[in-house]
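Remarks on the structure that follows.
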Amino acid sequence: MTDRLRLRPFEDSDADALYALHSDATVLRYWDSPPWTERSRAEGFVAKCRQLAEDGVGARLAVDRASDGVFIGWCSLTQWNADFRSAALGYCFGEAAWGHGYATETAGAVLGWAFDTLDLNRVQAECDTRNAASARVLEKLGFLREGTLREDCVVNGDVSDSWVYGLLRRDWER
């Protein structure tokens, strides 16, 4: 929870909003998979969110605006590795939510939980090299660009590179 946002577990009733988000070609233009064409993908996504939490390997949280309760996107912490005290950060927000600082605010809350409660030492994130807005979010949060994965994604025949970012506990605490 932040002043403007409510982070919560996904519910079955989120399937329609989730499908609308992930079927939007503009939102997913830098994603590593094409937009969804079947609503059943949203139901599977919600089920996978539950499984991540039950297995103790991650959390994917729905994000609602606190002012009106409208679903605007999601944020995740996955690939938890207890031995290495590490995880991966991910997020996706609808176009109407862009430019309001919601991704930065949400990811900041999740990172606080990752470092303070889960005692992680490192969180990693990746973004398409063409996605300047996502790169800015990560850099505002203190992530450092550590490298480039060359031609690591092919979506609808479009080959793209990804930047790898890392954030260490000691850098977060500063």
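In this chain, numbering begins with 1 at the start of the sequence shown.
For the side-chain contact (heavy atoms from CB on, under 4.5 Å) test with F143, the passing option among L168, V164, L89 is L89; the others fail.
Under a 4.0 Å N-O distance rule, the pair D14/R8 qualifies as a salt bridge. In summary, R39 and D16 engage in a salt bridge, as defined by a charged side-chain N under 4.0 Å from a carboxylate O. Look at R6 and D64 and you find a salt bridge, because one of the NZ, NE, NH1 or NH2 atoms lies within 4.0 Å of a carboxylate O, short of that distance. Ion pairing of D158 with R130 is present here, as a side-chain N (NZ or NE/NH1/NH2) and a carboxylate O approach within less than 4.0 Å. Looking at D171 and R122, no side-chain N of the basic residue comes within less than 4.0 Å of a carboxylate O on the acidic one, giving no salt bridge.
Between Y91 and F93, the angle of the ring planes lies from 30° to 60°, which puts this pair in the tilted group.
Under 3.5 Å, the side chains of Y19 and S40 contain no donor-acceptor pair of N or O atoms. S162 and D128 form no side-chain donor-acceptor contact under 3.5 Å, judged by distance and modelled atom types alone.
Taking 4.5 Å as the limit, some side-chain heavy atom of W31 sits within range of a side-chain heavy atom of H22. Between T106 and W74 there is no side-chain heavy-atom pair separated by less than 4.5 Å. Contact of the C92 side chain with the L21 side chain is registered, since non-hydrogen atoms from C-beta on lie closer than 4.5 Å. Between L7 and L5, some side-chain heavy-atom pair lies under the 4.5 Å cut-off. Side-chain contact between W172 and L111: present, with at least one pair of heavy atoms (C-beta onward) separated by less than 4.5 Å.
The two residues R50 and D12 make their nearest non-hydrogen contact at NH2-OD1, 2.9 Å. In this structure, V123 and A88 approach most closely via the heavy-atom pair CG1-C, 4.4 Å. Considering every non-hydrogen atom in both T104 and L141, the closest pair reads O-CD2, 3.6 Å. The shortest heavy-atom contact between A59 and W113 is CB-CH2, 3.8 Å. The two residues A114 and L77 have their closest heavy-atom pair at CB-CD2, 3.5 Å. Looking at every heavy atom in both residues, S76 comes nearest to R60 through CB-CG, 3.7 Å.
If you look at F45 and F10, their ring centroids are closer than 6.0 Å.
The main-chain N or O of D119 is found under 3.5 Å from a side-chain atom of R85 such that the two form a donor-acceptor pair. In this structure, the side chain of D55 does not engage the main chain of V57 through any donor-acceptor pair within 3.5 Å. The main-chain N or O of E151 is found under 3.5 Å from a side-chain atom of D161 such that the two form a donor-acceptor pair. For the pair R169 (side chain) and L120 (backbone), a donor-acceptor distance under 3.5 Å is present.
Taking CG from D32 and SG from C153, the interatomic distance works out to 5.0 Å, rounded to the nearest 0.5 Å. For the atom pair OG of S23 and CZ of R41, the computed distance is 11.0 Å after rounding to the nearest 0.5 Å. Taken to the nearest 0.5 Å, the CD atom of Q124 stands 11.5 Å off from the CG atom of N81. If you take OH on Y165 and OG on S134, they are separated by 8.0 Å, rounding to the nearest 0.5 Å. L144 contributes atom CG, which lies 8.5 Å from atom CD of E139 (distance to the nearest 0.5 angstrom). In this structure, CD in E105 is found 3.5 Å from OG1 in T2, a value given to the nearest 0.5 Å.
The hydrophobic cluster containing L138 does not contain L149, counting ILVMFWY residues as joined when their side-chain heavy atoms lie under 4.5 angstrom apart, directly or transitively. No chain of hydrophobic side-chain contacts below 4.5 Å, direct or via other Ile, Leu, Val, Met, Phe, Trp or Tyr residues, connects L52 to W80.
A cation-pi arrangement, defined by a distance under 6.0 Å to the six-membered ring centre and an angle within 45 degrees of its axis, is absent between R170 and F115.
Residue-environment remark: CD (E173) exceeds the threshold of 12 foreign heavy atoms within 6.0 Å. Heavy-atom neighbours of E126 CD from other residues, nucleotides or ligands within 6.0 Å: above the threshold of 12.
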